There are 2 protein chains.
Amino acid sequence: MSVTIYDLAREAGVGIGTVSRCLNNHPSVSAETRAKVLEVIKRLSYQPHASAQRLASKKTNTISAIIPFFTNYFFIQVLQGVQDKAAEFGFDLILYGVNNTSQAEYYLRRSLHRGHVDGVMFFSMKLPESYVQKFQQIRLPLVLVDAYHPEFDSISVKNLEGATMATRHLLKLGHTNIAMINASLATQPARDRMEGYRIALEEADVPFRNDRVFISEIGKQDGFNREAGRASMEDLIGKNSGKDRVTAVFIASDVQSMGALEGAAELGVRVPEDLAIVSFDDIELAQHAQLTTMRQPMYEMGVLALEKLTTRMKNPDAPPSQTTFLPSLVVRRSCGARVPSEQLV
Amino acid sequence: MSVTIYDLAREAGVGIGTVSRCLNNHPSVSAETRAKVLEVIKRLSYQPHASAQRLASKKTNTISAIIPFFTNYFFIQVLQGVQDKAAEFGFDLILYGVNNTSQAEYYLRRSLHRGHVDGVMFFSMKLPESYVQKFQQIRLPLVLVDAYHPEFDSISVKNLEGATMATRHLLKLGHTNIAMINASLATQPARDRMEGYRIALEEADVPFRNDRVFISEIGKQDGFNREAGRASMEDLIGKNSGKDRVTAVFIASDVQSMGALEGAAELGVRVPEDLAIVSFDDIELAQHAQLTTMRQPMYEMGVLALEKLTTRMKNPDAPPSQTTFLPSLVVRRSCGARVPSEQLV
DNA sequence: TATATTCTTGGAAGCGCTTCCAATTATTCA
DNA sequence: TGAATAATTGGAAGCGCTTCCAAGAATATA
């Protein structure tokens with residue numbers, strides 16, 4: 001059938017052990033023998049059998065990434081970082097896109113199959129407690145991205161602090177009637193971002209008002225989507241009249257902002273003249289839409305995630321490491337701050 | 001160490017063959033025995049060893065997708081279709097994002113390793129001739145997406161016809177001075193779309209003029225990117241004066257259009273009042289930007305790609321099948337056609 | 001009841017590799 | 001020059017599974 005190391009060994013007049021050592025660049029092969037074997041490998045255009053290598057070596061050089069709604073721009077950009085770094089290390093990356101918790105668990109289980117992958121990256125979801133033990137038991141490296149658990153390596157962004165910075169920026173621009181458009185409070189980021197918003201307000205002695213938080217959970221991703229952003233904005237605008245009109249809004253994500261911008265345009269509300277906007281993420285589109293936003297270092301997070309995974313593989317017993325990034329304010333047009341145009345990014 | 005079928009067999013008091021048959025739902029196991037084995041499997045929380053299964057069964061249940069610049073929205077949407085269908089069939093999907101031909105070849109070679117994947121999807125690039133033979137020899141299923149080769153299954157879109165339709169639409173709206181913003185003519189889609197543009201013009205007795213085709217190859221992806229679109233638009237606007245001013249432009253892709261819109265806005269050119277735009281792809285953003293565009297059924301293409309791959313696995317000797325989609329015109333604001341707002345998509 | 005069928009079952013062989021150990025050969029040191 | 005050491009090498013064992021074949025058990029047939 002196809003060429004195996006036995007064929008190579010016979011053809012080169014050496015033992016299979018020697019052939020294997022040649023393939024794996026083991027040092028204890030004489031230059032002469034190595035040359036001979038390499039010649040035969042080339043001549044028979046030998047291809048090692050991946051499954052056999054994996055079975056024998058107990059390494060797969062494969063990792064899996066379990067990502068909710070991976071078509072979301074945020075994940076795409078993180079994924080780009082993961083992908084680039086994986087290529088550099090020679091890992092295959094299995095992409096598991098999931099739409100709900102039960103799918104996520106399915107792929108966690110699948111990743112736990114022995115001999116399937118050497119590591120797992122779990123994105124933006126709460127790790128079910130029942131898997132904590134399993135991962136520890138199998139000692140399968142796991143990195144949480146945009147999530148946290150004390151027992152595992154994790155990478156996340158300071159949502160609360162970021163939201164505070166965003167809101168402070170609006171306060172500094174003179175706004176006091178500041179609303180928030182949020183996603184489902186079932187998600188940690190939404191809770192943290194709201195808390196940050198509240199803190200900034202209270203720092204400035206502006207009372208937090210529940211009726212100024214607009215949440216829509218329509219569509220996918222717990223409301224982190226365009227339709228929900230649009231719905232919330234329409235809701236906001238519909239109720240926005242009277243003396244203490246809202247003049248600014250902090251939106252929990254850029255994706256929602258895209259929808260919110262549509263809604264505002266539709267209803268004739270000008271941004272930033274009538275309504276200033278600051279949002280969160282800095283996806284690629286934010287630049288196009290000229291959104292002032294809190295930048296998350298998405299690509300860098302992806303790179304770091306892969307690095308953490310490889311570090312963990314080499315050193316399974318190191319204590320879990322947690323890295324948090326502080327998002328940074330990127331000022332563009334939507335907040336109404338005057339920016340010299342050459343500073344616009 | 002970990003639990004193997006030998007442990008299961010011993011514990012359940014049966015042979016390893018029987019255990020294996022239970023695991024693979026082989027019919028010839030008595031209900032009684034099966035129950036007993038399943039109980040033990042559960043009790044010992046057995047996990048089959050993926051590599052061993054693959055080695056013995058010669059199946060990997062894995063496919064690879066080789067995609068240039070996968071963060072491009074076009075690919076993301078195709079990928080979503082692939083991903084959904086792969087999940088349905090129980091395939092693992094390895095994502096190989098590539099940035100140039102040599103990377104693409106590297107991953108083609110890698111995918112050809114025996115026992116690595118059961119099939120390959122190759123996106124939007126010309127398949128190097130040297131791999132034609134290799135794939136046929138190893139009989140590894142290969143599907144070309146947004147590309148074509150007579151020896152393999154392929155899925156593509158009629159770029160030429162689509163471009164003709166797009167240009168005709170502008171002609172029908174009364175424009176006669178119609179420019180085109182294109183990407184590198186090194187790519188087949190760019191050539192086809194330009195040819196379609198030319199055909200529509202000539203049909204209408206409007207002479208094709210080389211100085212009305214604006215091509216920028218800055219940035220990645222052979223000019224299919226935002227910066228290039230913006231540069232071309234700025235170039236166009238800079239030269240656009242006099243009696244036969246350009247009043248409409250056909251842009252080769254939505255991504256370029258996004259940049260073009262930015263450039264136009266920057267220079268105070270209103271779309272569609274001063275300049276009508278029709279472009280190509282219908283990525284998610286096109287809706288947000290209200291682009292009139294030629295819709296490619298991206299998700300459906302992804303789904304179909306996966307289906308073709310599985311069909312090919314079952315039937316390796318079928319003749320290659322080629323599927324082409326005709327893109328459809330989606331009318332939004334950027335072309336200036338009057339559309340009842342409830343018809344806007 | 002004896003024989004022919006059909007179900008079930010056990011386990012050896014084999015998938016193609018890595019690795020370890022023992023053996024052989026080459027080299028070094030006194 | 002001979003013993004000791006180091007560098008190479010061959011190949012058995014083992015990774016954990018699937019599958020095939022032969023055999024035993026159960027059922028059907030006459």
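Keep in mind it's a predicted model, so treat the numbers as computed, not measured. Residue numbers begin at 1 in each chain, while the letters A, B, ... track the order of the sequences.
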Quiz item: Does anything in residues 2-25 of chain B pair up under salt bridge (Lys or Arg N to Asp or Glu O under 4.0 Å), and if so which pairs, sequence neighbours excluded?
Solution: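 Salt bridge (Lys or Arg N to Asp or Glu O under 4.0 Å) check on residues 2-25 of chain B returns B/Asp7-B/Arg10, B/Glu11-B/Arg43.
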Quiz item: Run the salt bridge (Lys or Arg N to Asp or Glu O under 4.0 Å) check on B/Lys308 and B/Asp153 step by step: do they pass?
Solution: CA-CA 7 Å; B/Lys308 285 206 185 212; B/Asp153 295 319; 5.4 Å; no
Quiz item: Is there a donor-acceptor contact under 3.5 Å linking the side chains of B/Thr33 and B/Ser30?
Solution: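 A donor-acceptor contact under 3.5 Å links the two side chains.
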Quiz item: Is A/Thr4 touching bases, backbone alone, or none of the nucleic acid, heavy atoms closer than 4.0 Å?
Solution: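 Contact class for A/Thr4: sugar-phosphate only.
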So, does [X] get its side chain near the phosphate of [N], meaning an N or O under 4.0 Å from OP1 or OP2?
X: A/Tyr6; N: D/dG10; answer: no
X: B/Gln53; N: D/dT18; answer: yes
X: A/Lys58; N: D/dG16; answer: yes
X: B/Ser57; N: D/dT18; answer: no

Practice problem: Could you tell me which residues satisfy salt bridge (charged side-chain N to carboxylate O under 4.0 Å, His left out) with A/Arg110, sequence neighbours excluded, listed by chain and number? | Solution: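 Here the qualifying residues are B/Asp92.
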Quiz item: Who passes salt bridge (charged side-chain N to carboxylate O under 4.0 Å, His left out) against B/Glu284, sequence neighbours left out?
Solution: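 With neighbours one apart ignored, the set is A/Arg226.
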Exercise. Would you name the heavy atoms of A/Ser111 and A/Leu140 that are closest together and state the gap between them?
Key: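 The pair with the smallest heavy-atom distance is O-CD2, 3.4 Å.
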[X] [atom1] to [N] [atom2]: how many Å, rounded?
X: B/His49; N: D/dG14; atom1: NE2; atom2: P; answer: 17 Å
X: A/Lys59; N: C/dC17; atom1: NZ; atom2: P; answer: 18 Å
X: A/Tyr46; N: C/dG16; atom1: OH; atom2: P; answer: 10 Å
X: B/Arg54; N: C/dC17; atom1: CZ; atom2: P; answer: 16 Å
X: A/Arg10; N: C/dG16; atom1: CZ; atom2: C1'; answer: 14 Å
X: A/Leu55; N: C/dT19; atom1: CG; atom2: P; answer: 12 Å
X: A/Ile5; N: C/dT19; atom1: CD1; atom2: C1'; answer: 11 Å
X: B/Asn25; N: D/dT19; atom1: CG; atom2: P; answer: 13 Å

Quiz item: Residues in ring pair (Phe, Tyr, Trp, His ring centres under 6.0 Å) with A/Tyr96, at least two apart?
Solution: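 Expected list: A/Tyr107.
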I'd like a list of close polar pairs between nucleotides 7-10 of chain C and the protein, N/O only, cut-off under 3.5 Å.
| from | atom 1 | to | atom 2 | distance (Å) |
| --- | --- | --- | --- | --- |
| C/dT9 | OP1 | B/Ser30 | OG | 3.2 |
| C/dT9 | OP1 | B/Thr33 | OG1 | 2.3 |
| C/dT9 | OP2 | B/Ser30 | N | 3.0 |
| C/dT9 | OP2 | B/Thr33 | OG1 | 3.4 |
| C/dG10 | OP2 | B/Gly15 | N | 2.6 |
| C/dG10 | OP2 | B/Thr18 | OG1 | 2.6 |
| C/dG10 | O5' | B/Gly15 | N | 3.4 |
| C/dG10 | N7 | B/Arg21 | NH2 | 2.9 |
| C/dG10 | O6 | B/Arg21 | NH1 | 3.3 |

Quiz item: To the nearest 10 degrees, what angle separates the axes at the start and end of the helix from C/dT1-D/dA30 to C/dA30-D/dT1, five pairs each?
Solution: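 Rounded value for the end-axis angle: 30°.
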Exercise. Applying side chain to side chain donor-acceptor pair (under 3.5 Å) between A/His113 and each of B/His49, B/Gln53, B/Gln47, report the one that passes.
Key: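 Testing A/His113 for a side chain to side chain donor-acceptor pair (under 3.5 Å) against B/His49, B/Gln53, B/Gln47 leaves exactly one candidate, B/Gln47.
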Quiz item: Are any side-chain N or O atoms of B/Asn225 and backbone N or O atoms of B/Lys220, one a donor and one an acceptor, separated by less than 3.5 Å?
Solution: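 Between the backbone of B/Lys220 and the side chain of B/Asn225 there is a qualifying donor-acceptor contact (under 3.5 Å).
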